Every structure is written in C-alpha cells, then in structure tokens.
Enquirer: 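I am attaching a structure below and will ask some questions about it afterwards.
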Number of protein chains: 2
Amino acid sequence: MPSPSPASTRAADGPWTIAEVAEEFGVTHRAVRHYEELGLIHPERRGTQRVYHRRDRTRLALILRGRRLGFPLDEIRTIIDLYDAPRGRRSQLEYVLAQIGERRDDLEQKRHDLDATLTELEDFESRCRADLAALG
Amino acid sequence: MPSPSPASTRAADGPWTIAEVAEEFGVTHRAVRHYEELGLIHPERRGTQRVYHRRDRTRLALILRGRRLGFPLDEIRTIIDLYDAPRGRRSQLEYVLAQIGERRDDLEQKRHDLDATLTELEDFESRCRADLAALG
DNA sequence: GCACTGCTTGACGTTGACGTAAACGTAAAG
DNA sequence: CTTTACGTTTACGTCAACGTCAAGCAGTGC
C-alpha cells in the first residue's frame, strides 16, 4: 500500500530546492536569485537555504511569461504584485483597477503589433509558396 | 495655381532628414544611427548627410514594432532582411520558407502568452469590479 | 574525521541598446 | 563673414539582465 512517504527522494509536490526549480523552468540558479534580488519572488529560508513552494513557482511562471513578452523585470514585479495588493478599501481597489487598465492597454497594443506582424508574415509565406509552385 | 514647388519647407512625401524621421517615430537620432550601425537600415548619403526615403521609414516602422514585441535588434534585422532576400532559386525559396516557419512559431508562442495574460488580467478586473460593487 | 556535493554570498564581467559629450563640417540667415 | 542650426564621427558611459568566478558553509557517506 502506498503510504504518504514524507521523505521521498523526488519531490513532486513538496517544497523544491533552487536547483530543482531552475532545472524545471529552464533557467539558471543565478537568474532565479536575480529575480529574488529584484523582489519578484520571496522564497522561504530554512536556515541559510532557500526553499521554494508552489507560490514561488507560480510567480516564476508569470515572470518568464512576462519576459517572453518583452516586459522589463521591474514592470513584471509591479504586475504580479498587483495580484497580491490590498483591496480592502475603496481607494485601494480604485488604484488597482487603474493599474489594470494601464496594463491592459499595453497588452492590447502588443496584440495589435503581434497580429499585424503575423498577418504580414503569412501573406509573405503565401507568396513564397506560390513562387515555389510556379517553379514546377 | 499650386505649382509643384520642389523647395517646400515641409516634406510630406519627399526625402527626410534624420531629425524628421526621429521626430516622427518618437526616437532619438542616436537610436536611428544605432539601427544603421547594426545594419537594419541603409539611408542614402548626399555627401556626408543621411537622406531617408520611404523605404527607410517602412523599415523603421518594422524595427520599432519588433522592439515593442521584445525582439532583439539583430533578430529584427534577419526578419526584415528576409523580405528582401533573393528568392530566384528553389533552394533560396526553401530557406526563406524555413525561416518564416521559425518566426511564425515564435510569434504564435507570444500570442499564446499574450492571450493568457490578458485573460487572467480581465478575470482579475472582473473580481475587482465585483468587490467594488459590493462596497456599495 | 574528512572528502564530496550542493547551496550561499559577494563581487566583478559581459552583452544589448542606446545616452552623452567632444570636436568638427556646412549651409542658410542676419 | 560670423552666428545659428543641424549634421557628422569617435569614444566613452550607463542600465538592465544576467554570467562567471571565488571562497565559504552544511549536511551526507564512509
């Protein structure tokens, strides 16, 4: 019977070491530490060592996605911090909503650029395929 | 009668100076020259001065769009050079088509990331608006 | 006890994308 | 003919995002 062995060698759901998360996300441990230096993640400390939980992995995924979209790291920080910002008072909620608006405008600009680029590229591809077909 | 005055003070369609294109595209002349140093644009020279034509402006627009999407400049160069690459021989056409494929994969990955980010952000916005409504 | 392996903290190096300052040419305006 | 407004090259500076040592701590294996 499979007992919930707590000292399993491979941590599938438990906390992770820096090497494990770095490996899993395809970045170096140096990059992970850099994100921490800039305040994008806050892993637990057990003595001197960093311990990563599911929450840190979620943030890391958001960081890397933001990076793929070309956002600078400090902007990424403000975005993901937004999700944890206090929203108890009306003024706080209104601030968060304003920030969301700005971010959305930016993202929609990017989608505009992206769609235009893809359309042009696909047009060009069609022309190339036509040329290729014309060559016999 | 409006004659085709060639010495018009504002060039609406003629060639442009570096200051004009920089102004128009919202970048510095230093940036424009930087793009030239990296081989992304090749303005004409009239003596020592740079003269920009419609072709250069088209390229500049592509450069800035690529930059907004987070592409590095040398990658942007290979992309826009692709549009001018020779496609006479079959092998050349096949190379161009392969390059197009890579670029398209990259762009579609970005669209994936972009759509996911926008969806999450809009979900979050809805929740915030609900919270705000609940506050009276 | 000691080597080995993995993690930690500095601290300096690198690359990309420009910024900035110096020093000089040039052409129209006064 | 000098001033003013742009334009040019050359060269070093800067900032972000890490890379790359160097040197030390900490549990583990024998």
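Order of the sequence lines fixes the chain letters, A, B, ..., with proteins taken first and strands second; residue numbering starts at 1 for each chain. Atom set for the values below is all heavy atoms of this structure, side chains included, hydrogens, waters and symmetry mates excluded. All figures in this text were calculated on a predicted structure; none of them were measured in a lab.
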Enquirer: Apply side-chain contact (heavy atoms from CB on, under 4.5 Å) to Thr28(B) and list each qualifying residue two or more places apart in sequence or on a separate chain.
Expert: Arg30(B), Ala31(B)

Enquirer: Salt-bridged, Arg59(A) to Asp81(A), with N to O below 4.0 Å?
Expert: yes

Enquirer: Roughly how many Å is it from CD in Glu36(A) to P in dC18(D), rounded to a whole number?
Expert: 15 Å

Enquirer: In chain order, what residues pass the side-chain contact (heavy atoms from CB on, under 4.5 Å) check against Arg104(A), with sequence neighbours excluded?
Expert: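 side-chain contact (heavy atoms from CB on, under 4.5 Å) list for Arg104(A), sorted by chain: Glu108(A), Leu118(B), Leu121(B), Glu122(B), Glu125(B).
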
Enquirer: Heavy-atom count around Phe25(B) CZ within 6.0 Å, excluding the residue itself: above 12?
Expert: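 Yes, CZ of Phe25(B) has more than 12 neighbouring heavy atoms, counting only those of other groups under 6.0 Å.
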
Enquirer: Under 4.0 Å from OP1 or OP2 of dC18(D): is there any side-chain N or O of Tyr35(A) that close?
Expert: yes

Enquirer: Applying side-chain contact (heavy atoms from CB on, under 4.5 Å), name anything that partners Gln109(A), two or more places apart in sequence or on another chain.
Expert: Asp113(A), Arg68(B)

Enquirer: For DNA chain D, which residues of residues 68-81 of chain A approach it to below 4.0 angstrom with any heavy atom?
Expert: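 Heavy-atom contacts with DNA chain D come from Pro72(A), Leu73(A).
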
Enquirer: Roughly how far apart are Glu36(B) CD and Leu60(B) CG, rounded to 0.5 Å?
Expert: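 Atom-to-atom, Glu36(B):CD and Leu60(B):CG are 10.5 Å apart.
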
Enquirer: One character per nucleotide, please: for nucleotides 7-14 of chain D, 5' to 3', B when the base has a protein heavy atom closer than 4.0 Å, S when only the sugar-phosphate does, - otherwise.
Expert: SSBB----

Enquirer: Just grab all the ring pair (Phe, Tyr, Trp, His ring centres under 6.0 Å) pairs involving residues 43-75 of chain B, residues at least two apart or on different chains.
Expert: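 Non-adjacent pairs meeting ring pair (Phe, Tyr, Trp, His ring centres under 6.0 Å): zero.
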
Enquirer: Mind calculating the distance between CG (Leu40(A)) and C1' (dA17(D)) to the nearest angstrom?
Expert: 12 Å

Enquirer: Flag the pair Asp131(A) and Arg90(B) as a salt bridge only when some basic side-chain nitrogen lies within less than 4.0 angstrom of an acidic carboxylate oxygen.
Expert: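 Salt bridge: no.
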
Enquirer: Whole angstrom is fine here: how far is it from NE2 in His34(A) over to P in dT14(C)?
Expert: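 Checked: the NE2 to P distance equals 18 Å.
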
